[in-house]
Amino acid sequence: MPEGKVSTNSEKKRSEARRDFIKALIALGLVTVISPQVIAELEKKPEGLTDDDWYEPFDITDDPKRQQQYEESAKLQLGYSLVIEENGRKLVANPLLPKKPITYMVKYEKDRFRLPPPGAKDLFARCIRCGLCASACASMGYHAIRLGDFKDGYVMLGVPIVDNQIEYPCTLCMECTKVCPTGALEEIPQREVKMGIALIDPDLCWAWNTGECYSCAKACPFGTEVFAFRFNEWGAHTRVLPDKCNGCGMCVQACPVVGSAIHVLPPEEYERRVKNFKNTGMSYEEYIKLIWKTEDSMYTDPMASLKLTWRVNVNVDYIVNKRGLIESKVKKSM
Ligand code: SF4
Ligand code: SF4
Ligand code: SF4
């Protein structure tokens, strides 16, 4: 090979290496500058939403027949009407908290959060927005990872996000972590993954209101390890153990209630919601204990039995007739 040619080739390689080095410096600089912004962006709630947007009341303003049923029949049995007037609307009251309207978690589509993919470690400092994780996920046929686009804000551009668990939950195959070139997604044991925490709304969940449904626990990669059950005449009451759940979202997709009665939340949002569950002023634990306490006293207190009957009537009416239930998705017995 002529000498001039060798020198041109090595010059070209040096110049490419210089260019790559400069590009890497710029990328590193950008990532360092925007990392705190990205973290703040991912943690913040979607804009314009208030606490009330996470829950919807059972609004019967335009339904005189239901109003009459909840007003008159309930009053006859319980001694109080189950209709509350609020800002010109007629809302169904919570039979266990008759001064408060009953509310339900809104459909998952309105309650979506941008969760980090599995194994995320210093995601925003390490991720170079190469998109290899999203390609790996898509090539497995799972499509759980989406890359942030302009709608997410410029700081989120190219950042891998898991935010459509009702259609594309994460199967924990961990393929995305294997292709990540920088360790932004680390290959860790499935049990160590923490993308978020699942929370069940006991008023919306089929198992808290009629009887058997184990769809979420059956879909969960760790099954009954992650769930606690309490069985009685009123159902197979199912709870998620927050320390055991890794937020993969398989349960969200499996739930037969339209819009899902189980949502995965980022840890900060989970903490916020369980402290004042559905704006009742009660924690999640206190709310659940109120249901259990009423159930436990039904043989000694006739009012307790009536309250529970109305609780189930109202919730089943809402689940079946307002929200919708996909019966083919109900998995019975573990
Ligand atoms: S673990 Fe598998 S399904 Fe989950 S985000 Fe990664 S590639 Fe997708
Ligand atoms: S409870 Fe749901 S989100 Fe949590 S690990 Fe099980 S399937 Fe995944
Ligand atoms: S799948 Fe849905 S309805 Fe069934 S037990 Fe789980 S949260 Fe309840």
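In each ligand, atom 1 is the first atom listed, and ligand 1 is the first ligand listed.
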Review point. Which of the numbered atoms in ligand 3 are below 4.0 angstrom from a heavy atom of Ala207?
Key: 5 (S)
Practice item. Pull out every atom of ligand 3 sitting under 4.0 Å from any heavy atom of Pro256, numbered as shown with elements. Key: 1 (S), 2 (Fe), 3 (S), 4 (Fe)
Close-contact set for ligand 2 against [X] heavy atoms, below 4.0 Å:
X: Val226; answer: 1 (S)
X: Gly247; answer: 3 (S), 4 (Fe)
X: Cys220; answer: 5 (S), 6 (Fe), 7 (S)
X: Phe227; answer: 1 (S)
X: Pro221; answer: 7 (S)

May I ask you to identify the nearest protein heavy atom to [atom], giving residue, atom name and distance to one decimal place in Å?
atom: atom 3 (S) of ligand 3; value: Trp206 N, 3.2 Å
atom: atom 5 (S) of ligand 3; value: Cys213 O, 3.1 Å
atom: atom 2 (Fe) of ligand 3; value: Cys255 SG, 2.4 Å
atom: atom 8 (Fe) of ligand 1; value: Cys137 SG, 2.3 Å
atom: atom 6 (Fe) of ligand 3; value: Cys216 SG, 2.3 Å
atom: atom 4 (Fe) of ligand 2; value: Cys245 SG, 2.4 Å

**Study point:** Partner of Asp201 by salt bridge (Lys or Arg N to Asp or Glu O under 4.0 Å), out of Lys107, Arg273, Lys278
**Key:**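 Considering Lys107, Arg273, Lys278, a salt bridge (Lys or Arg N to Asp or Glu O under 4.0 Å) with Asp201 is found only for Lys278.
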Point to revise | Positive for salt bridge (Lys or Arg N to Asp or Glu O under 4.0 Å) with Asp163, one of Lys151, Arg114, Arg146 | key: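 Per the salt bridge (Lys or Arg N to Asp or Glu O under 4.0 Å) rule, the option paired with Asp163 is Arg146, out of Lys151, Arg114, Arg146.
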Centroid-to-centroid, [X] to [Y], below 6.0 Å?
X: Phe231; Y: Trp208; value: no
X: Tyr104; Y: Tyr318; value: yes
X: Phe222; Y: Phe227; value: no

At less than 4.0 angstrom from any non-hydrogen atom of [X], what atoms of ligand 1 do you find?
X: Ile145; result: 5 (S)
X: Tyr142; result: 3 (S)
X: Thr171; result: 3 (S), 4 (Fe)
X: Cys176; result: 1 (S), 5 (S), 6 (Fe), 7 (S)

Point to revise | Under 3.5 Å: donor-acceptor pair, side chain of Tyr214, backbone of Thr238 | key: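 Between the backbone of Thr238 and the side chain of Tyr214 there is no qualifying donor-acceptor contact (under 3.5 Å).
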Point to revise | Any donor-acceptor N/O pair, Asn246 side chain to Cys248 backbone, under 3.5 Å | key: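 Yes: the side chain of Asn246 pairs with the backbone of Cys248.
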Check your understanding: Is the shortest distance from a Lys or Arg side-chain nitrogen in Asp63 or Lys90 to a carboxylate oxygen in the other one below 4.0 Å?
Key ->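 Answer for the salt bridge query: no.
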**Study point:** Salt-bridge contact Asp317-Arg323 (side-chain N to carboxylate O under 4.0 Å)
**Key:** no
[X] to ligand 1, any heavy atom closer than 4.0 Å:
X: Pro118; result: yes
X: Val162; result: no
X: Met174; result: yes

Assess the side chains of [X] and [Y]: does a donor N or O sit below 3.5 Å from an acceptor N or O?
X: Gln165; Y: His263; value: no
X: Tyr284; Y: Asn276; value: no
X: Asp203; Y: Tyr287; value: yes

Check your understanding: Applying a 4.0 Å heavy-atom criterion (strictly less than), which segment of Asn246 is in contact with ligand 2: side chain, backbone, both, or neither?
Key -> both
Exercise for review: Return yes when at least one N/O/S atom of Cys251 is nearer than 2.8 Å to atom 2 (Fe) of ligand 3, and no when none is.
Suggested key: no
Check your understanding: Just how far is it from atom CG of Leu91 to atom CG of Leu82, taken to the nearest 0.5 Å?
Key ->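 Reported value, rounded in 0.5 Å steps: 12.0 Å.
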Exercise for review: Give a yes or no on whether Cys173 keeps an N, O or S atom under 2.8 Å from atom 6 (Fe) of ligand 1.
Suggested key: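 Given the 2.8 Å cut-off, Cys173 does not count as a ligand of atom 6 (Fe) of ligand 1.
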Check your understanding: Would you say Cys170 has an N, O or S atom lying under 2.8 Å from atom 4 (Fe) of ligand 1?
Key -> yes
Exercise for review: Taking all heavy atoms of Pro98 and all of Ile84, pick out the closest pair and write down the distance.
Suggested key: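 Closest approach of Pro98 to Ile84: O-CD1, 3.6 Å.
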